[in-house]
Amino acid sequence: MAPSGPGSVRRRCRRVLYWIPVVFISLLLGWSYYAYAIQLCIVMCLIAYHLLFAMFIWSYWKTIFTLPMNPSKEFHLSYAEKELLEREPRGEAHQEVLRRAAKDLPIYTRTMSGAIRYCDRCQLIKPDRCHHCSVCDKCILKMDHHCPWVNNCVGFSNYKFFLLFLAYSLLYCLFIAATDLQYFIKFWTNGLPDTQAKFHIMFLFFAAAMFSVSLSSLFGYHCWLVSKNKSTLEAFRSPVFRQGTDKNGFSLGFSKNMRQVFGDEKKYWLLPIFSSLGDGCSFPTCLVNQDPEQPPTPAGLNSTAKNPESHQFPAKPLRESQSHLLTESHSWTDSSTNPGKGKAGMSNPALTMENET
């Protein structure tokens with residue numbers, strides 16, 4: 001066994017320090033339960049309180065301990081491709097190697113310079129909406145941000161849980177503040193008996209009201225992100241596609257954006273159970289579909305054949321659980337002629353076209 005050096009000791013210390021915010025939230029939650037359920041003990045409200053408390057704990061637990069998803073093996077370079085990359089200098093030759101490696105992958109986003117998005121640290125081609133987390137030191141699928149309050153990356157695998165955590169924590173704080181308000185007023189009017197419970201009541205109201213303000217703004221912001229089908233990173237830096245930057249490139253409309261995160265079955269929407277659509281490696285985008293304001297193409301005709309300049313993105317190869325978000329209202333240009341293109345591992349027309357030009 002190799003001796004542990006200064007670097008490994010520092011990494012272990014950082015891992016311990018990262019848990020401090022989670023421990024703080026857990027202690028605060030434990031104290032709030034003691035102050036409300038035992039000291040305040042409003043009998044008529046205890047059933048609703050315990051329901052919110054349980055959903056809060058459940059969603060918080062799932063957000064913390066759901067492992068972020070990483071890109072699948074098909075996005076990792078082979079040994080031969082890695083050797084070829086190391087030999088090639090940075091530039092067009094380097095990009096040519098990446099283009100050949102990415103020709104069968106369902107990717108459409110690029111760097112600001114139009115290059116293939118490649119992670120030198122993980123040695124893989126980044127899927128759409130995937131980013132490298134410097135804290136986790138991994139590429140995370142549909143990364144939103146790294147949250148210190150859950151000591152975890154919020155991404156494709158746990159974004160729904162994170163939203164529910166914000167929602168139930170906000171409801172929890174609002175419920176406590178609303179039911180504790182009358183006793184808080186009595187505290188200042190000397191209407192409460194002189195016991196230690198009165199101080200729990202006062203601090204409980206202050207804590208609940210303070211967290212309600214911060215949580216409401218954070219939850220409202222993430223609701224807006226879901227409605228626009230954006231991540232926090234994409235809100236600050238719009239994704240770059242082959243034809244340029246498009247801040248709404250992944251938006252499919254409010255209803256479909258919601259279903260992409262929460263799933264098709266509404267009975268699971270309010271439960272911290274994974275129901276998001278897709279696999280996190282490919283996403284439907286309005287840029288690969290026909291313009292909804294244009295008249296539909298008659299059966300048997302291909303709109304791109306008549307005007308190739310008006311449709312830069314052919315049909316995107318999506319996983320079946322996501323592809324129906326587009327096919328419900330719009331027909332893909334190649335879906336009738338090339339049904340095999342919709343499967344993973346098939347040729348990506350956009351990248352093939354890029355290699356030819």
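Reckoned from all heavy atoms, side chains included, excluding hydrogens, waters and symmetry mates. Note that the structure is predicted; figures quoted are calculated from it, not measured.
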Contact check, side chains of [X] and [Y], non-hydrogen atoms, under 4.5 Å:
X      : Y      : result
Pro68  : Asn158 : no
Cys153 : Val135 : no
Asn152 : Thr63  : no
Phe184 : Met202 : yes
His131 : His145 : no
Leu141 : Cys281 : yes
Phe161 : Phe274 : yes
Ile201 : Gln39  : no

What pair of heavy atoms forms the shortest contact from [X] to [Y], and how long is it?
X      : Y      : value
Cys139 : Asn70  : O-ND2, 3.0 Å
Val22  : Pro148 : CG2-O, 4.3 Å
His76  : Cys122 : ND1-O, 4.2 Å
Arg100 : Leu84  : NH2-CD2, 3.5 Å
Tyr49  : Ser32  : OH-O, 3.6 Å
Asp246 : Gln243 : OD2-NE2, 4.3 Å

Sidechain-backbone polar pair: [X] side chain, [Y] backbone, donor-acceptor under 3.5 Å:
X      : Y      : result
Asp144 : Ser231 : no
Asn151 : Ile64  : no
Arg129 : Phe156 : no
Asp128 : Thr109 : yes
Ser275 : Phe262 : yes
Asn229 : Val226 : no
Lys160 : Pro272 : no

(message) If you take the centroid of each ring, where Trp contributes its six-membered ring, are Phe241 and Phe250 closer together than 6.0 Å?
(response) yes

(message) I'd like to know whether the aromatic ring centres of Tyr108 and Phe283 sit less than 6.0 Å apart in this structure.
(response) no

(request) Please determine if Glu234 and Lys142 form a salt bridge, counting it only when a charged side-chain N lies under 4.0 Å from a carboxylate O. (result)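 A salt bridge is absent here (no side-chain N lies under 4.0 Å from a carboxylate O).
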
Using 30° and 60° as the class limits, which term best fits the ring planes of [X] and [Y]: parallel, tilted or perpendicular?
X      : Y      : answer
Trp31  : His200 : tilted
Trp149 : Phe24  : tilted
Tyr36  : Phe175 : tilted
Phe56  : Tyr60  : tilted
Tyr33  : Phe53  : tilted

Could you tell me the separation between the [atom1] atom of [X] and the [atom2] atom of [Y], rounded to the nearest 0.5 Å?
X      : Y      : atom1 : atom2 : value
Ser169 : Leu215 : OG    : CG    : 4.0 Å
Ser78  : Lys73  : OG    : NZ    : 14.0 Å
Ile273 : Tyr268 : CD1   : OH    : 6.5 Å
Leu98  : Glu81  : CG    : CD    : 9.0 Å
Thr111 : Gln95  : OG1   : CD    : 6.5 Å
Tyr172 : Leu52  : OH    : CG    : 9.0 Å

(request) Please lay out, stage by stage, how Asp264 and Leu277 fare under the test side-chain contact (heavy atoms from CB on, under 4.5 Å). (result) CA-CA 8 Å; Asp264 287 328; Leu277 300 181; 3.9 Å; yes

(message) I need the full list of side chain to side chain donor-acceptor pair (under 3.5 Å) pairs touching residues 208-227, with sequence neighbours left out, sorted by first then second residue.
(response)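 Sorted pair list: Tyr159-His222.
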
(request) State whether the number of non-hydrogen atoms from other residues, nucleotides or ligands found under 6.0 Å of Phe65 atom CZ is greater than 12. (result) yes

(request) Answer yes or no: does atom CG of Leu27 have more than 12 heavy-atom neighbours from other residues, nucleotides or ligands under 6.0 Å? (result)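 Yes, the 6.0 Å shell around CG holds more than 12 heavy atoms from other groups.
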
(message) Is it the case that the side chains of Asp137 and His132 hold a donor-acceptor pair, with the cut-off being a distance below 3.5 Å and no angle test?
(response)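 Result is yes, a qualifying pair exists.
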
(request) Would you please name every residue forming a salt bridge (Lys or Arg N to Asp or Glu O under 4.0 Å) with Arg87, sequence neighbours left out? (result) none

Linked, directly or transitively: [X] and [Y] (ILVMFWY side chains, under 4.5 Å):
X      : Y      : value
Leu166 : Leu233 : no
Ile107 : Leu124 : no
Leu204 : Leu170 : yes
Leu218 : Phe165 : yes
Ile42  : Ile176 : yes

(request) Assess whether side-chain contact (heavy atoms from CB on, under 4.5 Å) is satisfied between Asn257 and Ser251, documenting all intermediate values. (result) CA-CA 7 Å; Asn257 293 343; Ser251 181; 3.2 Å; yes

With [X], which residues qualify under side-chain hydrogen bond (donor to acceptor under 3.5 Å, both in side chains), at least two apart?
X      : value
Thr66  : none
His94  : none
Tyr183 : none

(request) Carefully, step by step, assess Leu181 and Ile185 under the rule side-chain contact (heavy atoms from CB on, under 4.5 Å). (result) CA-CA 6 Å; Leu181 178 60; Ile185 294 174; 4.2 Å; yes

(request) For Lys266, enumerate each residue passing the side-chain contact (heavy atoms from CB on, under 4.5 Å) test, keeping only those at least two apart in sequence or located in another chain. (result)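 Lys266 satisfies side-chain contact (heavy atoms from CB on, under 4.5 Å) with Trp269 once adjacent residues are dropped.
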
(request) Check the pair Asn248 / Lys230 against side-chain contact (heavy atoms from CB on, under 4.5 Å), numbers first and verdict last. (result) CA-CA 8 Å; Asn248 296 316; Lys230 295 180 180 181; 3.7 Å; yes

